[in-house]
Each structure stands twice: as structure tokens, then as C-alpha cells.
Amino acid sequence: MRRWTKTAAGLLLSSMVVVSACGGNGGNNEGGTAGDKVKLTVWHNWTGQDGKAIAMRGLLEQFEADHPNIELETEGLPTDGLKTRLRTVAAANEMPDLFVMWPDVMTKEFVGGDLIQPINDYLDSKPEWRDNFIENALDGYTVDDNIYSVPMNLAPTSFIYYNQAIFDEHNVSVPQTWDELLAAVETFKEGGVIPIALGNKANWFVQSTIFSTIGDRITGSDWFLKAASQDGASFTDPQFVEALEKLQELGEAGAFQQGFNSIDENQMVQLYFQGKAAMFISGGWAMANVVSNAPEDILSQTHVALLPAIEGGAGDPASTAGVVGTGMGISSKLEGARKDAAMELLYALAGPEGQQATLDSATLVSYNIPLDESKASPLFVELYNLMQDTKISPVYDSKLSSAAVEVTNNSLQELLNGGDPQTIAQRIQDAQAAAVKRQ
Amino acid sequence: MKALSSRKFILMGLLPATLIYALFVFVPVIWSSYYGFFDWSGIGEAHYIGFDNYVEIFRDPIFWTALNNNIIFVLASVFGQIPIALIVAILVQKDGRLTRFLRTAVFMPMVLSTVVIGMIWQYIYHPQIGILNFLLQALGLESWQRVWLSEDYGIFSLIPPLIWSFVGLYLIIFIAALQNIPGEIHDAANLDGATGARKLWSVTLPMIKGTIIVAVVLCISGSLKSFDLVYIMTRGGPAHATELLATYMYNSTFSSYRYGFGSAISTTIVLISLVLIGISQWIMSLKSKSKT
């Protein structure tokens, strides 16, 4: 019913455009402008007070100001809430016109449900834009050679953010190897400082920011991709069990403060901001928060590094787990004037200007544009330069099925509380195997 | 004739409410139990798989943890909220400045949103900067300090906020019931020389017995549905340690995206609730029979 009225309204609108265009010169403009308005619903997760959210909201406002004939009905939701809402409306086949969408699994599922439409034609009409994305940036949004969106940022998920003053005070240098990391943990613990602040209440956190990288260091990306597709590798393989054991070893060494499973990411960063912790491990997204909210004395001492290498591992130590960032999905129901408007908005947000605005707000992008080092925060310049020679390896939750991700997240909480790595490996294997079979 | 038309009138009067109830409660329950027979991710095709979801639920250790935790919640509510509310109600039923203040203070959490309550208690329990651990330290009880919302203590740590947030509701119900006891009965009791504890046991409590039973039923059904407080404070974690039936259903549906499986859990919850309510009805009918 709603769908029918919407399409009817759309047809009516477009026919009015044609009519008013035909009798255009000197006609009655007042009635025309009101009727010409194209309305788009937009759902996003730019609700915070960090630089990126403010920049993206600014782009939306700018777009509305530049396009008086397009009316945006925007709705901002926190990230977890947005993901849930999207799934819920997907089940009812009532997607908003444009929405922030994640690459890989979510994109594939939406394409499978015929909920979003490809943007190939529009992308091809702007080749200088299309060709300026970094290598493989569009892979996560590509299904059967159709491209469904482009990334608006880049989200490497694990960096060590560390406080140089605390490191100096305890005579510790940035750990380059696993043993050095364990030694640093020991020193900080003896010195009464939390070695690594951690907030794993939202249980994806350890999986995404710590384990995806540790796992890749040991198993290598090839093994992981094979295991994820259940093709020639299994999560019960010894290298995966070893990766679980490594994480457990770090936990047992006392690297994290007590009760890390009961506080959230914000409280984790608070501990660091208060100078109670020497490090925390988080993704590139934490940068915008550190730069705009850290106390001056902490910010000036904060630096970023990659997780240390792990001896004998199959993975590349000069890498961090990560995904290309979110893109805008475009509902498959849009056509005509509304589709054109949606494409224009996509370009405003993810085109060169949008990418520049994102980069200026201390967020990495998957797009080749230089950083203006004189304007950016020194810490962000450091991260930007670090990323120039760092490869991106797959994050677990972008490649595993939703059900297996949920099992992994909960199992890692259990692992850090003394769970048995072998049992946990088996459980993850079972969940992923069942999900692959269901597909 | 007249009886018939008044019956018609009653039926007509009931119709809107019945329709709304059927549409928004009954139909979704049936609909959801129908989905429980499918393997469905919420997007795309649903595959009929018979009772597989139910078999999986009963084999899933998380389901049994959730059920166990839920029973702890029901018991804690019935034996925590109701006695406390009753005692406080008896203490503060007389009007006065202090009692009015106390009543408001106990009722306060009822007007707070669960999110606020959850946040407050999260900071009380915070392992590093929490008030509770700080107090214990100030009192020299360091050995009692805990990571309150952990795998080992989480479910018990959730009980105080649960009781605290709902005691006000039962307090109001009990105060209303106490004030409804006619003054003559108190006068008669006084004439017979019943005072203090004797009057409480033999006169006051029997007079509000009906209200207490209603409160117990409300309490059982309310705590079976518990979701928001736990979701805000622990999300059912760490590692499912504080999972309740409702959070188990929610996480399966909206984190694992298994809508069919989640629907099967909802149906199981409905069945469990029906059984529990049936049992409590049966116990109460036994009691009233033995009296007569």
C-alpha cells in the first residue's frame, strides 16, 4: 500500500516536472516549486560530537542548501541501533531511500534480498571519481560485478594508542614483538599502571580491535579467508587455536584492567584520558574522539603504533585488520527524479569533497587525496603516515556470518575469563559451518 | 428482551478492545510461532525446517543459562520486592512529613527511565571508579571488592537495581490497599485488645491478602519479561553469564540475525509463561479450597 502510494506520488511528481518544464517560461512558478520538491529519507549514524559526525551532518545541511528542490528527511541513530533498525526494516521490505551501510556481509545480504540498487552507471559517468579510490576499496560493495556503493572512510580496526609520558616514566619502549609486549605489560603492572585499558561490554570490541589482528598475524589472511568460506581450512586447525591461546596469554599476563568485560568503549577511553592506563587498543575511529576530547596533557603525549609482530606467524606484521568504511546504500525502489537526487547526495557525501571533509575531520579515507599537514592534528598526521606503509587484513566480523560473529564475540569474552581454546575453536567452527551450509 | 439487548451492548462495548488486543497481541504471537518453523535471516527466502529450531533451543546450553537466570530473577522479585514493599508500606502508611518524604524517595526510581537506572548502577558497580568498591575500601573491606558485573557475580549484582527500581510500584499498591481497610475494623480490633504485631498478623495482612496475590502475579509476569535493565547494564554478557530469556531471544534475532530461531524462542517464552502462571493459579486455588 505504502509502496503503491509512494510510486504513484513519484510518478505524479515526475510528470509535473515534465509539464512545468514544457510550459516553463514565465508560468506560475509558485505552485511549481512546491510541487517539484523531491523528498528523500536518509538514515545515518553521525550522531556524536566527534569531528567526523559533525562534518557529515554539515555535508547533509550543505546539500539541502545547494538543492532547494530536494528535501532530506534525516534520521540519526547510534551505530548498533542503526544496524538493528536496518535489519528490521529489511525484514519488512521498507528500506529508507538512502542509508549508511556496511561492506561485505551486510551488503551481500541486502543485495540477496533485492533491497538496494547498483550505482555502476552513475559511477562510470564520473570516471575521475571512480578511479581515485584506493586499491580494492570497492570490493566490499561489489556483488556479481555490480557495485552497490563506495566507501566514505577507511576503518582499520587495531592500533595501539599509547601515552609516551607513561612509557618514559617506566622506561618502556614501544613493543615490536610479542615478548616485548608481555614484558611491557609486566613492567606497567608492577608500576601500578593499567597496561592496556579495555572495554569489551559490547562484545564485538575484542574481536574487532585485538583478535582480528592477532589472528591474522598467526594464521595469515589466506588461511582465514579459506576458513571463513569453509573451503580447505577449519577453525579447529592448530594455527587458529594458537591464536586463541595468544590472546588468552595476553589476558592472563594481566594486560587488561579488572572487569574489562563490564565496561564499554567510552569508559575504556575515559581510563586512558585519566592517565590511569598506558595504552588502549582501538580502531582508526577512536582518533576523532582522542583528538577532540582528550585532555591537553594526554593528547600531547599520545602516539599510535601497530600491534607487535608475532614470531613464526604466517601473517604480514606490517598490517592491521580493517575494512573499508561505511557507504550509502540506495533503496532499490528509487527511480526517476528521486533516484537522480539520491545519486547526487551519494556524490556529495562520498565524492571528492565529501572525502576531503572526512579526512579534514581526522578520519582516514579509502580515497587518494593528500592530507594538509598544516591543518591536521599532529596525532592524525602520524596515523595517516603510519597507514601509508600498512596493509589491511580482513576483520573477522566482516567476513564471518552474523551467527558465527555472535558466537565468536561471546566466546572471546569466555576465553579471556579462562575458557578452553580448543572448545571455543570447535564452537566457532560449528557456527560458521552451519551458516555456510544454510546459504 | 432487555437482558438480551444489554448483553448485545456489552459485546459491542468489548468489541473495539478485543479487536485491538487480537490485532496487536494475539495475531503477532501466532505469526511469530509460525515463523518459528522456518530458517529465516530476515532477508530473502525462508526455509521450512519443522521443529529443528525447537530442538536446537533445548540443546542450547545458553537457553538453560537464560532460563536459570530468569528463575533467579522471578524468585528475587517475588521474595525481594514484595516483602520490602510491604514492610515499607506498613511503616509509612500514616500521613506525616517524614513518611511523605520517604514514600516519594522510595517511589522515585519508578519515574526514572530504565536507561538512567542502568547507567547509575553501572557507575556504582564500575570496577575501577565505582562507588561500591570505593565505599568498601573506605570501610577497610578491600577483600570484599569485586568486579560486580562479571561472569561470576553478574546475575546477582543485577538484583539490587531490579528490586530498587520496582519496589515503588508495589509500595503504592500496598499503601492504597492499607488505606482502604475501613477504620471500624481497626477500632474493633483495638476494642478486642489486639495491638501491634498481633493486629498486623490477624487483621491487617488478611485484609489486604487479595492485593498481595495480585502483586505476586504482577511480579512474576513482570520479571519474566525483564529485558531493558539487563540489556543496558550487561547486554546479557559477559559470555552469556547474565542472559535472560528475553535477551537471549533479542540477541539471537538481532545480533545473529536468525529471525526464525528468535521467533521459536519467543514462542517458547510464551509457553513457559503460560505454564508458570498456570502453576501459580493452581497453587492459589488449592489454598482457597483448603480454607473453605
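As the structure is a computational prediction, the values presented were derived from the model and not from experiment. Proteins come first, then strands; the chains are lettered A, B, ... in the order of their sequence lines, and each starts at number 1.
Taking 4.5 Å as the limit, every side-chain heavy atom of A:Phe260 sits out of range of all side-chain heavy atoms of B:Val147. Contact annotation: the side chain of B:Tyr257 approaches that of A:Lys83 to within less than 4.5 Å [non-hydrogen atoms, C-beta and beyond].
When heavy atoms are compared at a cutoff of 4.5 Å, A:Leu115 approaches chain B solely by way of its side chain, counted from C-beta outward. Residue contact with chain A, scored on non-hydrogen atoms closer than 4.5 Å, is absent for B:Trp148. There is no contact between A:Leu415 and chain B, counting heavy-atom distances below 4.5 Å. If you measure heavy-atom distances from B:Ile129 to chain A, the contacts under 4.5 Å come from the side chain alone. Proximity to chain B is absent for every atom of A:Ser411, based on heavy atoms less than 4.5 angstrom apart. Looking at B:Tyr123, the atoms closer than 4.5 Å to chain A (heavy atoms on both sides) all sit in the side chain, from C-beta outward. Contact of B:Tyr250 with chain A is made through the side chain alone, with heavy-atom distances under 4.5 Å.
Per-residue heavy-atom pair counts under 4.5 Å with chain B were compared for A:Ala403, A:Gly113, A:Ala202, and the maximum is reached by A:Ala403. Contact count versus chain B (heavy atoms, under 4.5 Å) is highest, among A:Ala92, A:Ala90, A:Gly259, for A:Gly259. Of the listed residues (A:Thr84, A:Ile194, A:Asp264), the greatest number of heavy-atom pairs within a distance under 4.5 Å of chain B belongs to A:Thr84.
The line from CG of A:Asn203 to OG of B:Ser255 is 7.5 Å long, rounded to the nearest 0.5 Å. Atom OG of A:Ser262 sits about 7.5 Å away from atom NE2 of B:His126, to the nearest 0.5 Å. Rounding to the nearest 0.5 Å gives a distance of 5.0 Å between CG of A:Asp80 and CZ of B:Arg235. Here the CD atom belonging to B:Gln122 is positioned 5.5 Å from the CD atom belonging to A:Gln267, to the nearest 0.5 angstrom.
A donor-acceptor pair shorter than 3.5 Å can be found between the side chains of A:Asn261 and B:Glu151.
A salt bridge is absent between A:Lys437 and B:Asp39: the closest approach of a Lys/Arg side-chain nitrogen to an acidic carboxylate oxygen does not fall below 4.0 angstrom.
Annotation for B:Lys225: atom NZ does not count as buried by contact number, only 12 or fewer foreign heavy atoms lying within 6.0 Å.
When all heavy atoms of A:Lys201 and B:Ile232 are compared, the closest pair comes out as NZ-O, 2.6 Å. When all heavy atoms of A:Thr88 and B:Phe254 are compared, the pair lying nearest together is OG1-CE2, 3.6 Å.
A side-chain donor-acceptor contact under 3.5 Å links B:Gln128 to the backbone of A:Gln258.
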